[in-house]
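Heads up: the structure comes next, in structure tokens.
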Number of protein chains: 2
Amino acid sequence: MSRVSAVSIVEAIASDIRARVFSGELPALHALTETEVASSYDVARPTAKAAIEKLVAEGLLVRGVHKTARVADLGPESVRDIYLARAYLESEVLRRLASSRTVPDEAVRANNDIAALKTGAPLDVVEPDMRFHTSLVDALGNQRISKMYLSLVGEVRLCMSRVQSLHLLDTTLIQAEHQKLLELIAAGKGDAAAQLLDEHLGRARERLVATMGGEAGPEAELPSKLTG
Amino acid sequence: MSRVSAVSIVEAIASDIRARVFSGELPALHALTETEVASSYDVARPTAKAAIEKLVAEGLLVRGVHKTARVADLGPESVRDIYLARAYLESEVLRRLASSRTVPDEAVRANNDIAALKTGAPLDVVEPDMRFHTSLVDALGNQRISKMYLSLVGEVRLCMSRVQSLHLLDTTLIQAEHQKLLELIAAGKGDAAAQLLDEHLGRARERLVATMGGEAGPEAELPSKLTG
DNA sequence: CGCCCTACGATTGTCTAACAAGTACACACG
DNA sequence: CGTGTGTACTTGTTAGACAATCGTAGGGCG
């Protein structure tokens, strides 16, 4: 029994479950019974039901009619869908930022944080990496686009929680490509930035797919040239 | 008392309310009390509550804690946010379609339906217009992008329900621009298509803003040249 | 011995009833 | 006239209950 209470009991429970899913405590396909959730948080069943339905709406949990809610199991095809959606959104974001030569401070800061990482823990790069990409999207100043991207980020984090030993890409490479992206934006080269982003996300996508048991596409390979 | 029952009572009620909002039967800021909804559909209050919360999650209704849910009131700034979001999404969609020279059949059909419209009712153009744009997005084959665009379409329809006498743009102009967009896609000219779309949506956006009492931006003006 | 059908347990969908808590508005008081 | 209080309305949450449905295990039949 965990006593939580912030603004709304439902919201608090949903938050807690969300955190437990992201941390990997609740693995994919783990069943979440309404009664079970209700008793573990010491609330009534309708309250637990509301929290579960909120998470289902977010896409973190899945459930059919009359069936127990389960932690979403994102297969390789979902990973591709998510990363392609990211690419679609961010490509256009980069073009717009480039046309106004807007380089968000927060993005620079996030990438510096990646550069400062010397720890071997590969999981530590996820947070500043997400912050880098999110800050670019947020720089557009469009509420709805930011919200959409946020939901994608949630699903990406869900994917990440599945692959524990992710040593997919070298931190140095990530940081270098981010840097290059910012330079292209500053130079007003939107097309080039969009293309580099496609490679950047495509590589991460196919490597992630490969570690999840899917078949990696050709984008998984490192680029032959990486002119900084 | 309206008896409805399809797959789920909650879903059925939510659908009905959604339709009533879109039709304009429920105007902006109209209050929807849980008890009121419950009695009018002859269901229990928790059921009505669930339906209302579903619509709140969709953005059709808004409500604060302990306050009655109301039909969302989209002001000029929201309209700009929505239409800019559309432009961000669709610009990139056009580029991708152009790079593979993919012209969706459904888009062609939808635009033909617009051309066939000779009725004076300006509201009839909304449905095929939405279908045109939606079919372009769906042609990408990305579940998440399609879902995001769907929620934007819902908000656009909500805006439309507010302006009854919308005679914002000439049907012929809309149809001609759509035609030009398809031609640019077929020619692989993604940049040009994206730019034309920006003008197309920008004009609709600022005219809509103007009719809602906001101050129209310069995009409201007709283009000086429209080479078909 | 294997397959299909049935029956049971578990779980969700929905309802009734009720109390607590918060908001908003009106009225009275200073 | 401004402020404070109180009351009515609404929402948040709980409890218990029943029907509908799904999954599974077991028994009957070929």
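Order of the sequence lines fixes the chain letters, A, B, ..., with proteins taken first and strands second; residue numbering starts at 1 for each chain. What you see below is based on every heavy atom in this structure, not just the backbone, and it leaves out hydrogens, waters and symmetry mates.
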Side chain of Ile9(A), heavy atoms from C-beta onward: which of dT14(D), dG22(C), dG13(C) has the nearest atom to it? dT14(D)
To the nearest Å, give me how far apart NZ (Lys54(A)) and P (dT13(D)) are. 12 Å
May I ask you to decide if the ring planes of His178(A) and His133(A) are parallel, tilted or perpendicular, using 30° and 60° as cut-offs? perpendicular
Which residue lies more 5' along DNA chain D, comparing Thr33(B) with Ala48(A) via nearest heavy atoms: Thr33(B)
What is the nucleic acid contact for Arg63(A), judged by heavy atoms within less than 4.0 Å: base, sugar-phosphate only, or nothing? sugar-phosphate
Do the charged groups of Lys54(A) and Glu53(B) touch, with an N to O distance under 4.0 Å? no
Please tell me which of the listed nucleotides, dT13(D), dT14(D), dT10(D), lies nearest to the side chain of Lys49(B)? dT13(D)
Atom CD of Glu36(A) and atom C1' of dT12(C): how far apart are they, to the nearest Å? 14 Å
Is it true that the side chains of Ser91(A) and Arg96(B) contain a donor and an acceptor less than 3.5 Å apart? yes
Of the candidates dC15(C), dT13(D), dT10(D), the side chain of Thr47(B) sits closest to dC15(C)
Rounded to whole Å, please give me the gap between OH in Tyr41(B) and C1' in dT14(C). 18 Å
Write down the distance between CG (Leu61(A)) and C1' (dT12(C)), rounded to a whole number of angstrom. 15 Å
For residues Phe132(B) and Leu181(B), determine if any side-chain heavy atom of one lies less than 4.5 Å from a side-chain heavy atom of the other. yes
Quick one: which of dT14(C), dT14(D), dT16(C) gets closest to the side chain of Ser8(B)? dT14(C)
NZ/NE/NH1/NH2 to OD/OE distance under 4.0 Å, Glu106(A) and Arg109(A): yes
Phosphate oxygens OP1/OP2 of dT12(C): is one of them under 4.0 Å from a side-chain N or O of Lys67(A)? no
Taking only the side-chain heavy atoms of His66(A) (C-beta and beyond), determine which of dC15(C), dA21(C), dT12(C) contains the nearest atom. dT12(C)
Which is more 5' along DNA chain C, the nucleotide nearest Pro46(A) or the one nearest Ala69(A)? Just name the residue. Ala69(A)
Is there, by distance only and without an angle test, a donor paired with an acceptor across the side chain of Arg45(A) and the base of dG13(C) below 3.5 Å? yes
Please state how far atom CG in Leu32(A) lies from atom P in dA10(C), giving the value in whole angstrom units. 19 Å
